[in-house]
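Working notes for the structure below.
Indexing begins at 1, ligand by ligand and atom by atom, following the structure's order.
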Amino acid sequence: MVVSWMWPGIMNCSDPPEYDMLDSLLAVQQLVISAVIVTAFVATKTLVDNFRRRQAKLTAVVVGAGPVGLSTLMVAARSGRVTRVLLYEEQSKMQLFNQPHQIALDSRSAIFLKRFGVDFDNMEGCWDGGCFFTRLGVFQEYMLSIVYRLPVPVEVRLGTKFTRDTCKELESIGGRKLVLACDGANGQTVRHLGISDEYIQHSCRYYGAVAALERPGLCQIPLRERCANNLHFDLTAYGADNLDVDGHQGFSLKIFGTSRHRYMSLLIPKCESPLVKALRVVLDRSMMRNIFLKCFNTYKSDSESSLGDAFALKHMKFSPRLFEVKLSQRVETAAYFQDTDTFVVAEGEAARCYNIHTGRDVNIGIQGLHSLPEFIDRAAVCDSEHTILSTLSFKSHSAEQVCKDFLRHGLRDHILKS
Ligand SMILES: Cc1cc2nc3c(=O)[nH]c(=O)nc-3n(C[C@H](O)[C@H](O)[C@H](O)COP(=O)(O)OP(=O)(O)OC[C@H]3O[C@@H](n4cnc5c(N)ncnc54)[C@H](O)[C@@H]3O)c2cc1C
């Protein structure tokens, strides 16, 4: 006999309350078991992922022992993601250490490099206005002397050019690789690896001219930068009447370099004033030489002796006329090659350079390295198409930003405001 039982408000419910309760309990039990399984799966996956992320490492290959290459090496070796570093440099130790010209690291670059173990107190050079001035060869010698203190093994291959054949050698290295091409403005490394050599030329909206002076009898002592703004030149002696009286902002001048190798940069915001037109169009070497000679004698440091005409004629090289200042930016600065599991990045002048010396040229390269620690971290860990693409776009975006910042402030910060 079927006993029919009715729950108030529910019609035709034939099961007794105990059965319903049992069903509910079973359902809850199933739900709990599923939740436990899912939680355990998620927790294990998170643990495994975290472990894999912590363990993810790569081999870094740095090409070029210029100031940017050596700084890149420090960043890579201290990233915690790199198991070993290979450094290729085509020049010999002697050639590197004898590089005569001065480099000036601005305060931002100096602070950045200190974070990666660069001790400026132990490097020959001097501080002035927050910048550290040293000779390029001294910087390279110091940096190479500390690579053996780094937490990972560094194999330094001086006198070894990175060529197409080297690319094939890299394929024999197991695991993920990161090639950091820091081989300067004429470097070919990224091209060997298959990245396009396309550049965008940005106008810096300035005209400029440069001069270099060598005084063979003097030693290479770093000297302070000398700057002057709003200069106007009287060129009436060259038959150029009234060229200066046009109300435009004048030239900015910077004198920099060591006591032996002195450089001068002259800049004026892009305009078509009669004076600027004359200096851009008329090729009169004596006019430009006289401008640089007068500039040097007026704004040199007190300890320096004045230049005579005959000396300038023999020892001063200069641009014969004003040219447009441009920043060349490599279009592709980061890439990934799946077949060899290799990331490639261009840094320093291999990524961007401009056609005038500012006395602080190296800083735009160091600025590019600010995004490197995060990039290396991401490059070691990424494992899907999506994460690889976002890693590359992070680096490209940072490289783009460095150029934008330079176009907005760079020349003013490096020359005009010094
Ligand atoms: C005459 C002169 C005066 C300057 N004065 C100043 C100044 O006063 N202040 C300042 O801040 N900057 C100055 N600079 C600029 C400064 O030197 C550069 O901005 C800086 O050196 C760029 O650094 P980088 O590491 O990107 O390239 P680089 O210094 O050019 O280094 C590239 C390195 O890569 C190596 N290399 C190239 N191809 C290969 C390859 N295939 N295999 C292996 N190695 C390779 C090269 O031998 C080189 O050592 C001056 C430059 C010059 C030329």
Whether Thr160 lies under 4.0 Å from ligand 1, heavy atom: yes

Which residue and heavy atom of the protein sit nearest atom 27 (O) of ligand 1, plus the separation: Gly184 CA, 3.6 Å

For atom 43 (C) of ligand 1, the protein heavy atom that lies nearest, with its residue and separation: Glu90 N, 3.2 Å

Ala185 N/O under 3.5 Å from ligand 1 N/O: no

Ligand-side contact atoms (ligand 1) for residue partner Phe256, heavy atom cut-off under 4.0 Å: 8 (O)

Heteroatom proximity flag, Gln140 to ligand 1, N/O under 3.5 Å: no

Greater than 12 external heavy atoms within 6.0 Å of Gln338's CD: no

Residue part near ligand 1, for Ala350, under 4.0 Å between non-hydrogen atoms: neither

Asn363 N/O to ligand 1 N/O under 3.5 Å: no

Contact check: Val68 vs ligand 1, nitrogen or oxygen atoms, below 3.5 angstrom: yes

Asp197, CG: over 12 other non-hydrogen atoms inside 6.0 angstrom: yes

Shortest protein heavy-atom distance from atom 14 (N) of ligand 1, along with the residue and atom involved: Asp361 OD1, 3.6 Å

Options Lys254, Arg352, Glu349, His357, ranked by nearest heavy atom to atom 26 (O) of ligand 1, top entry: Glu349

Atom NZ of Lys93: over 12 foreign heavy atoms under 6.0 Å: no

Atom 9 (N) of ligand 1: the protein heavy-atom neighbour that sits closest, reported with distance to 0.1 Å: Gly359 O, 2.8 Å

Part of Pro67 within contact of ligand 1 (heavy atoms, under 4.0 Å): both

N or O pair under 3.5 Å between Glu89 and ligand 1: yes

His397, NE2: over 12 other non-hydrogen atoms inside 6.0 angstrom: no

Any N/O pair His101/ligand 1 closer than 3.5 Å: yes

Parallel, tilted or perpendicular: ring planes of Phe292 versus Phe318, cut at 30 and 60 degrees: tilted

Heteroatom distance test (Gln91, ligand 1): nitrogen or oxygen, under 3.5 angstrom: yes

Face-on cation placement of Arg262 at Phe296 ring, 6.0 Å and 45° thresholds: no

